[in-house]
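Contents: one structure, followed by commentary.
All values derive from a computational prediction rather than experimental measurement. Below, read A as the first sequence line, B as the second, and so on, with proteins coming before strands; counting in each chain starts at 1. Note: hydrogens, waters and symmetry copies are ignored here, and every other heavy atom, side chains too, is used.
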There are 2 protein chains.
Amino acid sequence: MPRVEKEEIIRALRSKGLRVTPQRFAVYANLLARRDHPTAEQILKQLNQEVPTLSQATVYLTLQTLSEVGLIREVLLEQGVCRYDANMAPHHHFVCTSCGQIIDIPWDCLGPINLSSLPSGFQVERYEVTLYGKCNQCGDREERSQT
Amino acid sequence: MPRVEKEEIIRALRSKGLRVTPQRFAVYANLLARRDHPTAEQILKQLNQEVPTLSQATVYLTLQTLSEVGLIREVLLEQGVCRYDANMAPHHHFVCTSCGQIIDIPWDCLGPINLSSLPSGFQVERYEVTLYGKCNQCGDREERSQT
DNA sequence: CTTTGTGCAAACGATTTGCAGGATG
DNA sequence: CATCCTGCAAATCGTTTGCACAAAG
């Protein structure tokens with residue numbers, strides 16, 4: 001769990017012109033501490049154990065706000081739910097087709113993509129790769145059952 | 001508009017064990033003829049001009065069915081809506097950050113991705129790249145306004 | 001004829017909104 | 001103390017479901 005300094009979180013929020021409220025702090029800190037790309041509901045559920053009164057609307061609104069100012073990003077990989085990620089470093093995603101788990105893949109694990117034969121007229125600002133397959137655990141499980 | 005033979009559509013549906021109904025035919029044919037990754041609602045709206053009585057539920061259900069049997073695929077690139085694509089050839093997507101347009105990028109326009117330095121334990125079955133930037137029209141527009 | 005598909009309307013789940021009171025800078 | 005944020009509940013939006021009837025093979 002990458003512990004992030006309180007001060008750093010406060011600085012980040014202030015730097016975007018956002019007021020530091022206990023709710024906003026809690027949501028952002030929670031997301032920074034997780035690597036599982038939670039949904040708004042999952043964040044709410046987990047936080048309600050620590051900060052008993054955190055309203056649903058606030059979580060949704062806060063995530064939207066943080067996303068707008070660029071402190072977090074949306075991860076859209078399944079129909080119907082929006083997941084969030086506080087890892088703003090460019091990176092790719094691996095989606096396990098068995099368990100649905102989403103794993104961050106550091107940018108340098110995939111070589112740079114050659115865009116030179118892209119039809120002209122496209123100005124690419126950024127890109128990301130989504131890999132689909134079996135994760136460590138699901139791959140192992142499959143092998144064992146085939147034996 | 002890539003015209004697809006009626007017979008071919010019927011054959012495709014039958015090959016998946018699906019009955020050929022006017023509604024199913026219309027939805028699939030419509031999606032095959034479009035390159036704009038429409039939402040269920042957009043398909044419904046367009047078809048209701050030709051086939052006046054096509055219910056909302058049928059469109060949603062049909063898209064779900066076609067997606068399950070592998071004749072079409074879901075495209076999840078914005079929060080809250082599911083778009084569909086009848087182009088089943090592997091390909092990438094370009095998303096215009098100005099107009100939101102989604103454009104298919106043929107597989108061969110991007111060189112193969114080097115997966116060799118991926119941490120072990122990942123069995124990649126397939127992948128796709130999402131490019132973000134300015135499309136032809138939006139890029140031009142921007143240049144002109146800067147002059 | 002058996003089974004699968006359709007239409008309708010109600011149900012649903014995730015997310016958003018309006019508004020009044022509360023906290024931040 | 002002006003502004004921004006929160007909580008609550010109701011509203012909204014995309015999608016799904018139950019059920020009775022209709023159509024496909």
Side-chain angles (χ1 to χ4, degrees), chain A residues 6-7 9-31 37-48 50-69 71-72 74-84, chain B residues 6-7 9-30 37-48 50-69 71-72 74-84 100:
Chain A
K6 271 189 185 178
E7 291 310 322
I9 296 182
I10 293 176
R11 215 175 306 129
L13 291 172
R14 291 243 169 88
S15 77
K16 299 294 183 179
L18 299 178
R19 288 189 179 171
V20 180
T21 67
Q23 295 88 338
R24 200 168 267 171
F25 183 94
V27 169
Y28 186 35
N30 184 264
L31 197 54
H37 310 82
T39 63
E41 207 196 347
Q42 291 173 329
I43 293 174
L44 175 66
K45 198 169 290 177
Q46 195 170 86
L47 284 180
N48 268 342
E50 310 165 15
V51 189
T53 25
L54 176 59
S55 87
Q56 188 201 40
T58 299
V59 173
Y60 278 97
L61 190 59
T62 300
L63 289 169
Q64 194 180 277
T65 306
L66 292 175
S67 176
E68 274 162 14
V69 302
L71 286 177
I72 67 174
E74 301 179 338
V75 177
L76 304 171
L77 289 171
E78 355 159 29
Q79 133 96 281
V81 265
C82 185
R83 298 183 168 277
Y84 293 92
Chain B
K6 269 189 185 178
E7 292 309 322
I9 295 181
I10 293 176
R11 215 176 305 130
L13 292 171
R14 290 244 169 87
S15 78
K16 299 294 183 179
L18 298 177
R19 288 189 180 172
V20 179
T21 67
Q23 294 87 339
R24 202 168 267 171
F25 183 94
V27 169
Y28 186 36
N30 183 264
H37 311 81
T39 64
E41 207 196 347
Q42 291 173 330
I43 293 174
L44 175 66
K45 198 169 291 178
Q46 194 169 88
L47 284 180
N48 267 341
E50 310 165 15
V51 188
T53 25
L54 176 59
S55 86
Q56 186 201 42
T58 299
V59 173
Y60 279 97
L61 190 58
T62 300
L63 289 169
Q64 194 181 278
T65 306
L66 293 175
S67 176
E68 273 161 15
V69 302
L71 286 178
I72 67 174
E74 302 179 338
V75 177
L76 304 170
L77 289 171
E78 357 158 26
Q79 134 97 281
V81 265
C82 185
R83 297 182 169 279
Y84 292 91

Between the opening five pairs and the closing five pairs of the helix from C:dC1-D:dG25 to C:dG25-D:dC1, how far apart are the helix axes, to 10°?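 About 50° separates the two local helix axes.
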Closer than 4.0 Å, any side-chain N/O of [X] to the OP1 or OP2 of [N]?
X: A:Arg14; N: C:dT24; answer: no
X: B:Ser55; N: C:dG7; answer: yes
X: B:Arg24; N: D:dA24; answer: no

Position toward the 5' end of DNA chain C (nearest nucleotide), A:Ala57 or B:Ala57: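 Nearest-nucleotide comparison on DNA chain C picks B:Ala57.
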Out of D:dG7, C:dG25, D:dC5, whichever nucleotide has its closest atom nearest the side chain of A:Val20: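 From the listed options, C:dG25 comes nearest.
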Among D:dT6, C:dC8, C:dT6, the one nearest A:Thr62 by side-chain distance: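 For the A:Thr62 side chain, the nearest candidate turns out to be D:dT6.
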When the distance from [atom1] of [X] to [atom2] of [N] is rounded to whole Å, what number comes out?
X: A:Leu63; N: D:dT6; atom1: CG; atom2: C1'; value: 14 Å
X: A:Leu61; N: C:dC19; atom1: CG; atom2: P; value: 16 Å
X: B:Lys16; N: D:dA24; atom1: NZ; atom2: C1'; value: 20 Å
X: B:Leu18; N: D:dG25; atom1: CG; atom2: P; value: 11 Å
X: A:Glu68; N: D:dC5; atom1: CD; atom2: P; value: 11 Å
X: B:Asn48; N: C:dG7; atom1: CG; atom2: C1'; value: 12 Å
X: B:Leu44; N: C:dC8; atom1: CG; atom2: P; value: 11 Å
X: A:Glu74; N: C:dT15; atom1: CD; atom2: C1'; value: 12 Å

Output all residues satisfying side chain to side chain contact (heavy atoms under 4.5 Å, CB included) with B:Arg14, sequence neighbours left out; order by chain, then residue number.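 Testing B:Arg14 for side chain to side chain contact (heavy atoms under 4.5 Å, CB included), a comparison that skips the adjacent residues, returns B:Ile10, B:Val20.
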Not counting sequence neighbours, which residues clear side chain to side chain contact (heavy atoms under 4.5 Å, CB included) with B:Arg19? List them please.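 With sequence neighbours excluded, B:Arg19 shows a side chain to side chain contact (heavy atoms under 4.5 Å, CB included) to B:Arg24, given in chain and number order.
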Just how far is it from atom OG of A:Ser55 to atom CG of A:Leu61, taken to the nearest 0.5 Å?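 Going from OG on A:Ser55 over to CG on A:Leu61, the span is 9.0 Å.
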Working to the nearest 0.5 angstrom, can you tell me the gap between B:Lys45 NZ and B:Glu41 CD?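 One finds 5.0 Å between NZ of B:Lys45 and CD of B:Glu41.
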With sugar-phosphate meaning primed atoms plus P, OP1 and OP2, does B:Thr65 contact a base, only sugar-phosphate, or nothing at under 4.0 Å between heavy atoms?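 If one applies the 4.0 Å heavy-atom cut-off, B:Thr65 turns out to touch nothing in the nucleic acid.
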Pairs under 3.5 Å (N/O, protein and nucleotides 13-15 of chain D):
{"from": "D:dT15", "atom 1": "OP1", "to": "B:Cys82", "atom 2": "N", "distance (Å)": "3.1"}
{"from": "D:dT15", "atom 1": "OP2", "to": "B:Tyr60", "atom 2": "OH", "distance (Å)": "2.9"}

Shortest non-hydrogen contact from [X] toward [Y]:
X: B:Ile43; Y: B:Pro38; result: CG1-CG, 3.7 Å
X: B:Ala40; Y: B:Val59; result: O-CG1, 3.6 Å
X: A:Ala29; Y: A:Ile9; result: CB-CD1, 3.6 Å
X: B:Lys6; Y: B:Phe25; result: CG-CZ, 3.6 Å
X: A:Ile72; Y: A:Tyr84; result: CD1-CD2, 3.7 Å

Do B:Leu13 and B:Leu66 make a side-chain contact, defined as non-hydrogen atoms from C-beta onward lying under 4.5 Å apart?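 They are in side-chain contact.
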Taking only distance into account, with no hydrogens and no angle test, what donor-acceptor pairs under 3.5 Å do side-chain atoms of residues 74-83 of chain B form with protein atoms, sequence neighbours excluded?
{"from": "B:Glu78", "atom 1": "OE2", "to": "B:Arg83", "atom 2": "NE", "distance (Å)": "2.4"}
{"from": "B:Glu78", "atom 1": "OE2", "to": "B:Arg83", "atom 2": "NH2", "distance (Å)": "3.0"}
{"from": "B:Arg83", "atom 1": "NH1", "to": "B:His37", "atom 2": "O", "distance (Å)": "2.7"}
{"from": "B:Arg83", "atom 1": "NH1", "to": "B:Gln42", "atom 2": "OE1", "distance (Å)": "3.4"}

Just the atom pairs and distances: protein N or O near nucleotides 21-23 of chain C's N or O, under 3.5 Å.
none

May I ask you to decide if A:Leu54's main-chain N or O and A:Thr58's side chain share a donor-acceptor pair within less than 3.5 Å?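 Not confirmed, A:Thr58 side chain does not pair with A:Leu54 backbone.
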